[in-house]
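Report on the structure given below.
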Amino acid sequence: MKRILFIAALLMIATFACNGASAVSLTPAMQNQFIEVQDFLQAHRRPNTLVSVVGYLVLATGEKDGAIRLSLVDSVDHVLSPRDALTYAKGGATVIISKAFVLHHKNWELNAKGLMKFVMYVRTAKGIRKLHDSPAQVRVTGDTIKIKGLIKPLKKLEYSDENGNWRNF
């Protein structure tokens, strides 16, 4: 029986080699690396799948429980007003940063030294306020959950600097 399984495994490897497939291209981590927001929204990934999505943070909201909700979109070229920001945020991906994570990483707070560096608009109790005309492009990495378009919790945030290099935040 062991010999049959061994031969079957060899045949499978030979089939992959003949078709030009490699073991590296089959790993889940490589399939989910750095996709755009629309591709992420259209993909049907199982919950608890690690994904990295590239886009722009159009809106940030501090939640009552201390978490931060970020809205990630592919482009902010046509966002000219708070109403546009709300509309685009509804059509984009949502990223949740838990209160525990914010407490542990002080630079991820929703303030001028923290996340506000990368967000176009921020929603507060007083309304929606514009922060930047053109925010930096970001890559967010986190897990998918059952709700479509939601990344929770955020595990890593990177931004593109003025030279186009990716930096950890």
Side-chain angles (χ1 to χ4, degrees), residues 22 24-43 45-63 65-82 84-124 128-145 147-169:
S22 67
V24 174
S25 67
L26 299 176
T27 60
M30 293 304 290
Q31 291 176 1
N32 298 321
Q33 288 291 320
F34 313 130
I35 59 175
E36 293 181 350
V37 176
Q38 285 304 316
D39 295 336
F40 168 67
L41 294 173
Q42 293 171 357
R45 289 183 172 75
R46 287 190 275 174
N48 299 319
T49 302
L50 186 67
V51 294
S52 293
V53 184
V54 177
Y56 297 90
L57 296 174
V58 70
L59 184 66
T61 306
E63 300 292 314
D65 64 355
I68 299 172
R69 177 181 299 268
L70 303 171
S71 298
L72 187 70
V73 296
D74 280 328
S75 173
V76 291
D77 291 343
H78 300 290
V79 179
L80 304 174
S81 68
D84 293 341
L86 289 171
T87 302
Y88 274 76
K90 288 179 186 175
T94 302
V95 181
I96 303 292
I97 304 174
S98 67
K99 178 183 178 179
F101 199 84
V102 172
L103 292 174
H104 185 66
H105 300 282
K106 293 293 184 185
N107 60 334
W108 284 45
E109 291 179 352
L110 194 55
N111 58 32
K113 292 183 179 181
L115 287 173
M116 285 186 178
K117 294 180 199 175
F118 310 111
V119 178
M120 190 169 192
Y121 285 88
V122 65
R123 184 188 306 186
T124 63
I128 298 176
R129 182 171 50 121
K130 188 171 188 175
L131 300 173
H132 303 285
D133 286 330
S134 56
Q137 190 174 32
V138 297
R139 291 194 302 210
V140 297
T141 302
D143 290 328
T144 60
I145 65 169
I147 300 170
K148 183 180 177 184
L150 186 61
I151 298 171
K152 180 181 179 181
L154 179 66
K155 295 181 177 183
K156 185 176 183 182
L157 178 70
E158 299 170 283
Y159 67 95
S160 177
D161 65 11
E162 56 278 345
N163 296 325
N165 298 320
W166 291 102
R167 305 275 184 211
N168 287 330
F169 181 69

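Only this structure's heavy atoms are used, side chains among them; waters, hydrogens and symmetry mates stay out.
Remark: the backbone N or O of R46 is paired with a side-chain donor or acceptor of T144 at under 3.5 angstrom.
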Sequence neighbours left out, cut at 3.5 Å: what donor-acceptor pairs do the side chains of residues 149-162 make with other protein atoms?
residue	atom	partner	partner atom	Å
K155	NZ	D143	OD1	3.4
K155	NZ	D143	OD2	2.8
E158	OE1	R139	NE	3.1
E158	OE1	R139	NH2	3.4
E158	OE2	R139	NH2	3.1
D161	OD1	N163	N	3.0
D161	OD1	G164	N	3.1
D161	OD1	N165	N	2.8
D161	OD2	R167	NE	3.0
D161	OD2	R167	NH2	3.2

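Of all non-hydrogen atoms in V58 and M120, the two that sit nearest each other are O-CB, 3.7 Å. In this structure, F118 and L57 approach most closely via the heavy-atom pair O-CB, 3.5 Å. Summarising the geometry of P135 relative to V76, their closest heavy-atom pair is CD-CG2, 3.8 Å, with the distance given to 0.1 Å. Shortest non-hydrogen contact noted between V73 and G92 is CG1-CA, 4.1 Å. Looking at every heavy atom in both residues, K106 comes nearest to L103 through CE-O, 3.7 Å. Across all their heavy atoms, T61 and L110 have their closest contact at C-CD2, 4.1 Å.
Q137 contributes atom CD, which lies 4.0 Å from atom OH of Y56 (distance to the nearest 0.5 angstrom). Rounding to the nearest 0.5 angstrom, the gap separating the CG atom in L50 from the CG atom in N48 is 10.5 Å. Remark: L70 CG to L115 CG distance equals 6.0 Å, nearest 0.5 Å. For the atom pair K99 NZ and E63 CD, the distance stands at 13.0 Å (nearest 0.5 Å). Atoms CD1 and CD, on I97 and E109 in that order, are 11.0 Å from each other to the nearest 0.5 Å. In this structure, CG on L41 lies 11.5 Å from CD on E36, to the nearest 0.5 angstrom.
Looking at heavy atoms from C-beta onward, Y88 lies out of side-chain contact with S71 at the 4.5 angstrom threshold. At least one side-chain heavy atom of R123 sits under 4.5 Å from a side-chain heavy atom of L59.
Applying the side chain to side chain contact (heavy atoms under 4.5 Å, CB included) test to D77 and every residue at least two apart in sequence or in another chain returns S75.
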Residue pair V79, Y121: steps toward the side chain to side chain contact (heavy atoms under 4.5 Å, CB included) verdict: CA-CA 10 Å; V79 179; Y121 285 88; 3.7 Å; yes
